[in-house]
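Presented below is the structure to which this report refers.
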2 protein chains.
Amino acid sequence: MTGASVEKAIQLLKEKGYKYTDKRQSMIELFAQADRYLTAKEVQKYLKQTYPSLSYDTIYRNLYSFVEMNILEETELSGEKMFRFSCSLDGQHHHHHFICTKCGMTKNIHMCPMDFFKEQLDGCEIQSHRFEIFGTCENCLKVS
Amino acid sequence: MTGASVEKAIQLLKEKGYKYTDKRQSMIELFAQADRYLTAKEVQKYLKQTYPSLSYDTIYRNLYSFVEMNILEETELSGEKMFRFSCSLDGQHHHHHFICTKCGMTKNIHMCPMDFFKEQLDGCEIQSHRFEIFGTCENCLKVS
DNA sequence: TGAAAATTCGTAATGATTACGATATAATCA
DNA sequence: TGATTATATCGTAATCATTACGAATTTTCA
């Protein structure tokens with residue numbers, strides 16, 4: 001994830017009138033560096049080193065704010081919400097992910113299935129779609 | 001959902017050595033009749049009329065057993081697990097769903113995006129995929 | 001610097017899911 | 001049918017992610 005993406009995220013934050021706090025800065029940097037899906041728990045684990053008293057209230061509030069302003073994208077895996085740096089900040093166009101269930105690493109899928117069958121859903125109002133492939137990535141396959 | 005599907009589910013149950021209890025029967029019938037995604041809570045709401053003391057332990061244990069033996073399929077929506085009668089019991093081939101976020105109704109999507117890009121994931125071991133479209137169905141659009 | 005608004009902390013509440021010992025039930029077979 | 005055994009269920013408590021909220025703190029900007 002490029003430094004430019006971090007800049008763009010911070011810019012978004014300020015544009016929308018959010019305050020630029022040290023916790024938010026650290027969270028953005030963490031996600032930019034990790035470049036994979038993280039749980040709220042992982043976020044707090046990483047950041048409690050710097051901020052021993054970091055509250056879950058702060059973490060969740062900021063995670064959801066970030067999703068709102070398109071800095072993060074969200075998914076759900078076995079009952080847990082997970083977040084990753086939004087690919088769109090990196091200038092990438094809409095796409096989907098292969099997600100490694102061991103380490104959270106993602107690969108881009110260069111195709112959106114929605115293009116193929118909107119006509120199958122006449123009469124319904126489409127709100128969103130979810131397309132994800134789960135498995136084990138090369139690295140984790142080597143290790144196990 | 002056809003009566004034949006219920007028969008097939010019961011057959012599966014017995015084949016795999018599970019006991020055929022009145023709670024399991026009721027759960028299977030409920031899902032066959034509902035023909036849409038239900039939460040554990042909805043299951044207990046419907047069945048507590050017949051079994052006032054039905055335990056969540058029983059509900060979850062059976063839901064997961066049913067998924068295991070392919071009687072139900074599972075998804076997750078805003079932090080809640082949801083289950084529906086497996087389409088494969090109805091003799092349908094692999095497909096995906098449009099899911100109404102208001103009532104849980106589903107429509108089949110006649111196309112599996114997995115066919116298109118397995119080659120994009122050389123080196124990874126694919127375990128599963130999730131492809132779902134969320135929105136509001138015709139009926140719920142009328143009501144709102 | 002000072003005031004206003006937003007943010008964070010500390011902690012408790014919520015709600016879905018899981019766990020477990022005691023009891024009940026279904027399946028099997030003599 | 002009755003006894004036996006493994007499985008299922010009940011009742012209830014524990015767990016865990018997420019949410020909530022009043023008090024204290026921090027950022028922003030004039």
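The sequence lines fix the lettering, A, B, ..., with proteins before strands; numbering per chain opens at 1. Excluded from the calculations below are hydrogen atoms, water molecules and symmetry mates; all remaining heavy atoms, backbone and side chain alike, are included.
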Rounded distance (Å) that lies between atom P of C/dA6 and atom CE of A/M69
13 Å
Spacing of A/L63 atom CG relative to D/dT19 atom C1', expressed in whole Å:
13 Å
Would you kindly give the CD-to-C1' distance between A/Q44 and D/dC16, to the nearest whole Å?
13 Å
Listed partners of B/K8 passing side chain to side chain donor-acceptor pair (under 3.5 Å), at least two apart
none
Hits for ring-ring contact (aromatic ring centres under 6.0 Å, His included) against B/H129, two or more places apart or cross-chain, chain-then-number order -> B/H94, B/H96
Spacing between A/K81 atom NZ and C/dG15 atom P, to the nearest angstrom
14 Å
Name every donor-acceptor pair, under 3.5 Å, that has one atom in a side chain of residues 44-53 of chain A and the other anywhere in the protein, sequence neighbours excluded.
{"residue": "A/Y51", "atom": "OH", "partner": "A/D22", "partner atom": "O", "Å": "3.3"}
{"residue": "A/Y51", "atom": "OH", "partner": "A/S26", "partner atom": "OG", "Å": "3.0"}

Among residues at least two apart in sequence or on other chains, which ones pass salt bridge (Lys or Arg N to Asp or Glu O under 4.0 Å) with B/K107?
B/E138
Using a cut-off of under 3.5 Å, enumerate the N/O to N/O pairs linking the protein to nucleotides 9-11 of chain D.
{"residue": "D/dT9", "atom": "OP1", "partner": "B/T21", "partner atom": "OG1", "Å": "2.8"}
{"residue": "D/dT9", "atom": "OP2", "partner": "B/R61", "partner atom": "NH1", "Å": "2.6"}
{"residue": "D/dT9", "atom": "OP2", "partner": "B/N62", "partner atom": "OD1", "Å": "3.3"}
{"residue": "D/dT9", "atom": "OP2", "partner": "B/N62", "partner atom": "ND2", "Å": "3.3"}
{"residue": "D/dC10", "atom": "OP1", "partner": "B/K23", "partner atom": "NZ", "Å": "3.4"}
{"residue": "D/dC10", "atom": "OP2", "partner": "B/S55", "partner atom": "N", "Å": "3.2"}
{"residue": "D/dC10", "atom": "OP2", "partner": "B/T58", "partner atom": "OG1", "Å": "3.0"}
{"residue": "D/dG11", "atom": "OP2", "partner": "B/S53", "partner atom": "O", "Å": "3.3"}
{"residue": "D/dG11", "atom": "OP2", "partner": "B/S53", "partner atom": "OG", "Å": "3.4"}
{"residue": "D/dG11", "atom": "N7", "partner": "B/S55", "partner atom": "OG", "Å": "3.4"}

Does A/G91 offer a backbone N or O that forms a donor-acceptor pair with the side chain of A/H93 under 3.5 Å?
no
In whole angstroms, how far is the C1' atom of C/dT8 from the NZ atom of A/K48?
19 Å
Look at A/K41 and D/dA17 and indicate whether a side-chain polar atom (N or O) is within less than 4.0 Å of OP1 or OP2.
yes
Kindly state each residue pair satisfying salt bridge (Lys or Arg N to Asp or Glu O under 4.0 Å) with at least one member in residues 54-71 of chain A, sequence neighbours excluded.
A/D57-A/R61
ring-ring contact (aromatic ring centres under 6.0 Å, His included) partners for A/H110, two or more places apart
none
Send over the distance from A/E80 CD to C/dT17 P, rounded to a whole Å.
13 Å
Residues two or more places apart in sequence or in another chain: which of them pass salt bridge (Lys or Arg N to Asp or Glu O under 4.0 Å) with A/R36?
A/E42
Excluding sequence neighbours, so at least two apart, what forms side-chain contact (heavy atoms from CB on, under 4.5 Å) with A/T75?
A/Y37, A/M82, A/I99, A/E132, B/R130
Backbone N or O of B/L38 within a donor-acceptor pair of the B/R84 side chain at under 3.5 Å?
no
Terminal axis angle for the helix from C/dT1-D/dA30 to C/dA30-D/dT1, five pairs an end, nearest 10 degrees
30°
With the threshold set at under 4.0 Å for non-hydrogen atoms, list the residues of residues 10-20 of chain B touching DNA chain D in residue-number order.
B/Y18, B/K19
Expressed as a whole number of angstroms, how long is the span from B/Q25:CD to C/dA27:C1'?
16 Å
Nearest-angstrom distance from the residue atom OH of A/Y60 to P of C/dT11
19 Å
Does B/Q127 have any side-chain contact (heavy atoms from CB on, under 4.5 Å) partners at least two apart in sequence or in another chain, and if so, which?
A/T101, A/T136, B/E125
